[in-house]
Amino acid sequence: MKLLRVGPPGAERPAVLGPDGTAYDLSGRTRELDGAFLSRLDAAELSAALAAGEFPVLELAGQRLGAPVARPGKVVCVGLNYRDHAAEAGAAIPSEPVLFLKAPDTVIGPDDEVLVPRGSTKTDYEIELAVVIGRTARYLESEAAAARCIAGYTVSNDVSERAFQLERGGQWDKGKSCETFNPLGPYLVTPDELGDPQALRLRLWVNGELRQDGSTGQMIFPVLSVVHYISRFMVLHPGDVISTGTPAGVAMGRPDGPYLRPGDVMELEIDGLGRQRQLLGKA
């Protein structure tokens with residue numbers, strides 16, 4: 001099942017895609033695709049209601065897509081979670097997941113404008129598989145328990161400013177939390193539809209040039225391991241987002257350092273999760 005939010009910022013309508021790609025309005029069932037809705041989501045029941053014709057058609061043509069989860073409480077990111085990315089960054093393979101937080105108000109729609117921050121010299125891109133939490137995860141006992149806490153998956157672009165992140169002192173957060181730095185979507189795809197999250201191809205282009213081309217099978221710490229691990233350090237609530245790391249090919253890892261500039265176009269896609277497109281503007 002693919003869930004999405006349609007409409008202008010602050011006025012998105014919740015929707016679900018039918019098997020033929022037609023969108024249906026879920027406003028009669030929920031006001032938002034938020035933590036409260038995800039905590040009670042029953043994909044099989046919702047699919048049956050869709051098949052029974054309970055929801056009106058929602059026209060998508062010309063409409064903006066918002067992030068597929070509204071107002072995430074937190075965005076937890078895993079750094080250096082692909083061997084090839086750790087190598088290009090000149091970092092040792094982590095013995096445990098490297099965690100950092102990204103401000104949740106960085107989350108925007110999958111095709112919204114991304115703003116290059118004032119004073120930026122090294123704005124970078126990172127395609128990532130994102131996990132959306134659907135059940136409270138606290139001190140999970142196993143990876144099986146972690147699986148039961150996942151509402152679905154989506155595409156994330158963990159946009160980063162490397163000079164702010166690595167050359168200005170303190171924590172990574174200042175290079176990760178600039179406004180618009182987390183395009184998310186287009187869909188939230190439930191686990192039953194997506195299948196194996198460790199068998200997905202991830203690709204990112206800048207101005208038509210393929211920059212990243214990897215597979216989630218290359219993760220150092222797989223998805224269920226990551227969710228289980230994070231729950232030992234913080235409580236994950238419905239609607240929280242976990243970005244699980246990026247493969248090689250980021251600008252920071254390339255000899256020519258092709259960092260992003262206003263006017264550039266990023267395009268991203270992950271198997272089964274859809275495609276994003278962002279134009280870079282100025283903050």
Side-chain angles (χ1 to χ4, degrees), residues 75-102 106 114-117 119-131 155-178 180-184 197-223 226 242-271 273 275-280:
V75 178
V76 186
C77 301
V78 185
L80 304 172
N81 197 26
Y82 286 71
R83 293 181 183 277
D84 56 0
H85 176 54
E88 72 176 355
I93 299 299
S95 58
E96 296 189 36
V98 175
L99 304 182
F100 61 92
L101 295 175
K102 189 161 187 153
T106 59
V114 170
L115 301 177
V116 176
S120 168
T121 58
K122 296 181 179 180
T123 295
D124 207 346
Y125 48 84
E126 295 186 40
I127 185 171
E128 308 204 4
L129 174 66
V131 178
V155 183
S156 172
N157 188 354
D158 176 20
V159 186
S160 309
E161 214 296 339
R162 303 300 189 185
F164 295 179
Q165 177 188 354
L166 302 171
E167 301 170 18
R168 299 290 295 273
Q171 304 294 317
W172 284 7
D173 302 51
K174 67 176 68 172
K176 295 286 188 173
S177 292
C178 303
T180 74
F181 264 25
N182 196 1
L184 200 67
Q198 305 305 149
L200 305 175
R201 187 180 182 187
L202 312 86
R203 290 184 291 176
L204 181 145
W205 296 260
V206 177
N207 300 328
E209 177 192 3
L210 182 62
R211 297 278 183 88
Q212 292 184 274
D213 188 358
S215 167
T216 56
Q218 299 166 344
M219 285 184 186
I220 299 168
F221 305 104
V223 167
V226 163
I242 301 171
S243 287
T244 58
T246 197
V250 299
M252 179 179 68
R254 294 167 62 105
D256 52 343
Y259 290 104
L260 298 167
R261 298 288 182 265
D264 287 345
V265 175
M266 296 181 286
E267 296 174 276
L268 306 78
E269 68 177 16
I270 299 178
D271 290 349
L273 296 175
R275 190 176 180 94
Q276 299 183 355
R277 182 183 187 276
Q278 299 107 32
L279 175 67
L280 276 290

Would you name the heavy atoms of Ala86 and Leu80 that are closest together and state the gap between them? CA-CD2, 4.1 Å

Are more than 12 heavy atoms, taken from residues, nucleotides or ligands other than Gln171, located less than 6.0 Å from that residue's CD atom? no

Smallest heavy-atom separation, Val114 atom then Pro183 atom, equals CG2-CG, 3.7 Å

Given 3.5 Å as the limit, does a donor-acceptor pair link the side chain of Glu161 with the main chain of Lys122, or not? yes

Donor-acceptor pair, Gln165 side chain versus Trp172 backbone, under 3.5 Å? no

Side-chain (Asp124) to main-chain (Val250) donor-acceptor, under 3.5 angstrom: no

Please check: side-chain N/O of Thr123 versus main-chain N/O of Leu260, any donor-acceptor pairing under 3.5 Å? no

Leu99, Val223, Val131 screened by side chain to side chain contact (heavy atoms under 4.5 Å, CB included) with Ile242, the one that passes: Val131

What's the spacing between Ser156 OG and Lys102 NZ if we round to 0.5 Å? 6.5 Å

So how far is it from Tyr82 OH to Met219 CE, rounded to the nearest 0.5 Å? 3.5 Å

Quick check for you: to the nearest 0.5 Å, what is the distance between Ser243 atom OG and Leu101 atom CG? 11.0 Å

Counting neighbours of CZ on Arg168 that are heavy atoms of other residues, nucleotides or ligands and sit closer than 6.0 Å, is the number greater than 12? no

Look up atom CG in Leu273 and atom CG in Leu268, then write down how far apart they are to the nearest 0.5 Å. 12.0 Å

Look up atom CE in Met252 and atom OG in Ser160, then write down how far apart they are to the nearest 0.5 Å. 8.0 Å

Under a plain distance cut-off of 3.5 Å, with no hydrogens placed, do Gln278 and Asn157 share a side-chain donor-acceptor pair? yes

Return yes if some donor-acceptor pair links the side-chain N/O of Glu88 with the main-chain N/O of Gly249 below 3.5 Å, else return no. yes

Do the side chain of Gln218 and the main chain of Arg83 share a donor and acceptor less than 3.5 angstrom apart? no

Strictly distance-based, threshold 3.5 Å: is any side-chain N or O of Asn81 a donor or acceptor partner for the main-chain N or O of Phe221? yes

In plain terms, say whether Arg162 and Glu126 are close enough for a salt bridge, that is, a side-chain N and a carboxylate O under 4.0 Å apart. yes

CZ on Arg275 to CD on Glu267, rounded to 0.5 Å: 4.5 Å

